[in-house]
Amino acid sequence: DGGITQSPKYLFRKEGQNVTLSCEQNLNHDAMYWYRQDPGQGLRLIYYSQIVNDFQKGDIAEGYSVSREKKESFPLTVTSAQKNPTAFYLCASRDRENTGELFFGEGSRLTVL
Amino acid sequence: AQSVTQLDSQVPVFEEAPVELRCNYSSSVSVYLFWYVQYPNQGLQLLLKYLSGSTLVKGINGFEAEFNKSQTSFHLRKPSVHISDTAEYFCVFPLSGGGADGLTFGKGTHLIIQP
């Protein structure tokens, strides 16, 4: 079945450590996105990529980094520069060629101890 | 510029009662509109979408929405809710080929079903 896989589902980190969240899709979509979600808030865009080897900052990119070396993969690194990294992170890909529909992963919950 | 407004951050409803979650948009171009649902600690999944054609759109889990161009609305409805409908609902406005990421999310409406 086609879809998006995020891992890990839960992650704990000590302050000062970098962590990388994985996002893989087998939907053959060019566009991929990372969102951050905090309790009671909507989704805020961190980074997005519309094609391999290219990506753009979203609204809250500070303290995060991404890469897009393969069409299927769009990992997100939460660096030690991110002041408040505890949140729920969602990865999505988009069918831009047809309906523009977004397909989401199950999310990764990061907790900084 | 395009925007999406979800008018209620929280909607409490008794089980088996009808519900309407409101969404208004503003745009000067052709419109697609989506509703997504998010259950606790999960990703978002598509409930329904309006692309063109009939303005009444039926989705999964008994939900439906009506696209109203004159009122710039896309309200989500269900005639009888169940406890399992407790979730966060997002109205999303994609603009294929649009600038930046071409996506506008509403802030979400938390549907609370009371027994």
Side-chain angles (χ1 to χ4, degrees), chain A residues 3-10 21 23 25 27 29-51 54-61 66 74 87-111, chain B residues 1-11 21 23 25 27 29-53 57 59-60 67 87-112:
Chain A
I4 298 188
T5 301
Q6 286 187 242
S7 63
K9 177 77 173 173
Y10 298 96
L21 307 180
C23 178
Q25 56 104 354
L27 298 167
H29 291 163
D30 285 316
M32 296 187 74
Y33 304 80
W34 274 106
Y35 294 94
R36 170 178 171 142
Q37 188 175 30
D38 294 286
Q41 298 191 30
L43 276 66
R44 291 186 288 170
L45 181 65
I46 305 172
Y47 269 97
Y48 65 103
S49 168
Q50 297 186 7
I51 200 165
D54 188 46
F55 49 82
Q56 285 79 40
K57 293 181 179 180
D59 301 319
I60 56 165
V66 293
F74 190 41
F88 190 54
Y89 291 89
L90 286 162
C91 180
S93 71
R94 187 175 177 201
D95 180 15
R96 288 179 67 96
E97 299 304 316
N98 297 305
T99 65
E101 180 180 344
L102 282 165
F103 294 79
F104 285 86
E106 288 294 301
S108 294
R109 185 166 298 281
L110 172 63
T111 303
Chain B
Q2 62 191 48
S3 67
V4 171
T5 303
Q6 290 185 244
L7 295 161
D8 306 295
S9 60
Q10 199 165 282
V11 174
L21 305 184
C23 173
Y25 70 92
S27 173
V29 297
S30 298
V31 173
Y32 294 173
L33 283 163
F34 299 158
W35 274 101
Y36 281 81
V37 60
Q38 184 182 30
Y39 300 105
N41 292 311
Q42 294 187 26
L44 280 69
Q45 65 183 84
L46 185 69
L47 259 184
L48 49 80
K49 56 190 172 188
Y50 171 76
L51 303 178
S52 64
V57 181
I60 62 171
F67 174 66
E88 193 83 16
Y89 292 80
F90 292 93
C91 185
V92 181
F93 186 179
L95 186 64
S96 60
D101 68 317
L103 290 163
T104 304
F105 281 83
K107 292 201 177 296
T109 298
H110 188 195
L111 179 60
I112 302 167

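Each chain gets a letter, A, B and so on, in the order the sequences are listed, and its residues count up from 1.
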- State whether the number of non-hydrogen atoms from other residues, nucleotides or ligands found under 6.0 Å of A/Lys9 atom NZ is greater than 12.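 Check passes, neighbour count above 12.
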
Separation of [Y] [atom2] from [X] [atom1] (nearest 0.5 Å):
X: A/Phe104; Y: B/Phe90; atom1: CZ; atom2: CZ; answer: 8.5 Å
X: A/Glu106; Y: B/Asn41; atom1: CD; atom2: CG; answer: 10.0 Å
X: A/Leu102; Y: B/Leu46; atom1: CG; atom2: CG; answer: 9.0 Å

- Item | Leading residue by heavy atom contact count with chain A [cutoff under 4.5 Å; candidates B/Gln42, B/Lys107, B/Gln45] |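 That would be B/Gln42.
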
- Spell out, as yes or no, whether a donor-acceptor pair under 3.5 Å connects the side chain of B/Tyr32 to the backbone of A/Glu101.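 A pair under 3.5 Å: no.
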
- Considering only heavy atoms, which portion of A/Gln37 lies under 4.5 Å from any heavy atom of chain B: side chain, backbone, both, or neither?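 Contact with chain B is through the side chain of A/Gln37 alone.
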
- Sort B/Leu44 into side chain, backbone, both or neither according to what part of it lies under 4.5 angstrom from a heavy atom of chain A.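 For B/Leu44, the contact with chain A is made by backbone and side chain together.
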
